[in-house]
Amino acid sequence: MTIRDVAEAAGVSVATVSRIASGSDYPVGARTRERVEAVISALDYRPNQSATDLSRRDTHLVGVLAPDMANQYYAEVTRGIEDAAQTAGYQVLFSSTDRRKGRAESALEALLRRRVAALVILGGGDEVSLTRKQVTAYGTEVVLVGRPSDEFPTIQTDGESAGQEMASHFVGLGHERIAFIAGSRGSTATRLRLAGVRKTLRGAGLANPATARGGYTEEGGYRAARELLEQAAPGERPTAIIAANDRMAIGAMAAANDLGLRVPDDVALAGFDDTPISAYVRPALTTFSLHSAQLGAEAMQQILDREEGDTAIRHRTVEGEIVVRASCGARPA
């Protein structure tokens with residue numbers, strides 16, 4: 001009889017069984033405790049002492065795997081996770097994939113081997129490949145932020161709706177030639193936001209946006225904006241550029257300035273994420289706020305709910321909103 005047999009019979013996580021069986025003082029609901037203790041007694045479960053010691057050491061650890069910790073968006077999401085984790089008595093381990101598949105695989109394996117109680121994976125890039133089979137052996141809860149999944153709980157914003165809202169904002173300002181700077185290849189966020197932009201432009205009877213790839217960095221945004229602005233035929237230069245994140249939008253702003261173009265008079269700009277720096281560049285950047293810290297807090301709440309026996313695969317959405325600043329040419333609210 002194993003701890004996983006007890007967890008399955010009681011309808012709770014392995015970590016919850018471990019806490020109760022080991023006599024941990026971590027708070028567990030009275031009904032959950034009674035149910036687990038009844039199953040332990042009925043199945044005559046005897047915890048292995050070495051496994052119990054290991055579980056005691058690591059059961060309050062949450063692993064966070066992010067694509068790029070230099071990105072302020074991910075820093076804000078992890079802040080939300082860490083604040084909620086500390087309140088609940090957990091500690092957080094961070095690791096970055098640097099958007100590289102090999103590094104993602106080794107970082108994921110390292111976190112799982114630490115026997116973290118839960119794992120939060122940030123971002124929708126294709127460098128992370130994870131299945132339920134991989135984590136079952138470790139008894140680890142998994143929550144995904146910004147990545148759709150049928151196997152795991154998810155927290156995300158509606159990327160397509162966000163793209164639609166941002167494009168509608170520019171169409172409402174009278175723009176007809178709107179371009180888009182995409183992030184990394186395989187990025188879920190880029191795919192959904194671009195789909196939303198295209199949907200709005202089609203509905204308005206406008207052409208699909210010219211696109212260039214910026215890889216989610218300022219340097220990439222700079223290069224992509226120069227490509228869009230310099231290679232357009234006469235009279236076809238975009239009058240507005242939507243970047244898939246704020247870092248690329250800030251790079252695009254620098255490119256416009258270097259080309260002698262005024263923002264927003266000659267070309268209007270907007271990004272996504274509402275990172276702290278977006279309010280302090282000049283002109284201040286119009287952006288779509290994803291309420292990043294709330295995404296992190298919601299991810300941690302999913303973990304706590306599952307620790308208390310809610311084993312359903314739930315998909316939660318955090319609503320975002322456009323933050324209007326000077327870079328789009330509209331009067332800020």
Side-chain angles (χ1 to χ4, degrees), residues 64-78 80-81 96-101 104 120-130 143-149 152-169 178-201 209 211-218 220-221 224 241-252 269-275 277-278 285-296 298-299 315-323:
V64 176
L65 189 62
D68 178 8
M69 289 305 294
N71 187 323
Q72 287 183 310
Y73 163 70
Y74 293 115
E76 287 293 299
V77 176
T78 55
I81 294 171
S96 173
T97 71
D98 198 27
R99 302 190 187 275
R100 291 184 288 169
K101 189 170 183 61
V120 183
I121 299 178
L122 309 184
D126 58 7
E127 72 275 8
V128 178
S129 177
L130 184 70
V143 175
L144 309 180
V145 177
R147 174 193 297 265
S149 172
F152 301 105
T154 62
I155 305 290
Q156 48 191 337
T157 52
D158 188 335
E160 185 169 334
S161 292
Q164 286 182 261
E165 285 188 48
M166 189 62 80
S168 295
H169 176 71
I178 300 172
F180 185 85
I181 299 179
S184 304
R185 295 187 185 280
S187 165
T188 300
T190 277
R191 176 175 57 80
L192 292 175
R193 291 166 191 174
L194 178 56
V197 170
R198 286 173 171 165
K199 187 173 184 178
T200 290
L201 297 187
T211 62
R213 192 168 299 281
Y216 287 129
T217 68
E218 293 87 352
I241 297 176
I242 299 172
N245 78 343
D246 290 347
R247 294 179 69 184
M248 294 190 296
I250 290 169
L269 293 172
F272 285 82
D273 296 346
D274 192 24
T275 52
I277 192 63
S278 63
L285 182 66
T286 292
T287 183
F288 194 92
S289 174
L290 305 178
H291 300 303
S292 309
Q294 184 182 346
L295 286 169
E298 290 282 352
H315 306 291
R316 297 178 181 172
T317 300
V318 173
E319 296 296 329
E321 59 185 337
I322 293 178
V323 179

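Side-chain atoms are counted along with the backbone in the values below, which use heavy atoms only and exclude waters and symmetry mates. What you see is a predicted model, and the numbers here were worked out from it, not measured in a lab.
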Step-by-step side chain to side chain contact (heavy atoms under 4.5 Å, CB included) determination, Asp68 to Thr217: CA-CA 10 Å; Asp68 178 8; Thr217 68; 5.5 Å; no
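- Here the side chains of Asn71 and Arg247 are in contact, with some heavy-atom distance below 4.5 Å.
- Closest of all the heavy-atom pairs between Ala104 and Leu65 is O-CD2, 4.4 Å.
- Here Ser187 contributes atom OG and Arg213 contributes atom CZ; the two are 8.5 Å apart, rounded to the nearest 0.5 Å.
- Rounding to the nearest 0.5 Å places CD1 of Ile181 at 13.5 Å from CZ of Arg193.
- Distance check, rounded to the nearest 0.5 Å: CG of Leu201 to CD1 of Ile178 gives 5.0 Å.
- Residues Thr317 and His315 form no side-chain contact, since every pair of their non-hydrogen atoms from C-beta on lies 4.5 Å or further apart.
- Residue Ala167 comes nearest to Val197 through the heavy atom pair CB-CA, 3.9 Å, listed as atom of the first residue, atom of the second, then distance.
- Shortest non-hydrogen contact noted between Met166 and Gly271 is CE-O, 3.4 Å.
- Applying the salt bridge (charged side-chain N to carboxylate O under 4.0 Å, His left out) test to Asp274 and every residue at least two apart in sequence or in another chain returns Arg325.
- The side-chain contact (heavy atoms from CB on, under 4.5 Å) test applied to Glu321 returns Ser289, His291, not counting sequence neighbours.
- Remark: Ala293 pairs with Arg79 by the side-chain contact (heavy atoms from CB on, under 4.5 Å) rule, at least two apart or across chains.
- Using a 4.5 Å heavy-atom threshold, the side chains of Asp246 and Gln72 count as separate.
- The heavy-atom pair separating Leu295 from Val145 by the smallest distance is CB-CG1, 4.3 Å.
- Summarising the geometry, atom CG belonging to Asn245 is positioned 7.5 Å from atom OG1 belonging to Thr275; distances are rounded to the nearest 0.5 Å.
- Between Val318 and Leu290 there is no side-chain heavy-atom pair separated by less than 4.5 Å.
- A distance of 7.5 Å separates NZ of Lys199 from OG of Ser161, quoted to the nearest 0.5 Å.
- Residues satisfying the side-chain contact (heavy atoms from CB on, under 4.5 Å) criterion with Ala244, sequence neighbours excluded, are Phe180, Thr190, Tyr216, Met248.
- Remark: Phe288 pairs with Phe272 by the ring pair (Phe, Tyr, Trp, His ring centres under 6.0 Å) rule, at least two apart or across chains.
- Here the closest heavy-atom approach between residue Val120 and residue Ala299 is recorded as CG1-CB, 4.1 Å.
- Shown here are the side-chain contact (heavy atoms from CB on, under 4.5 Å) partners of Leu192, two or more places apart in sequence or in another chain: Thr188.
- Counting only heavy atoms from C-beta outward, the side chains of Leu194 and Pro209 approach each other to under 4.5 Å.
- The two residues Ser292 and Glu76 come nearest to each other via the heavy atoms CB-CB, 3.6 Å.
- Once rounded to the nearest 0.5 Å, the distance linking CD1 of Ile241 with CG of Leu269 reads 5.5 Å.
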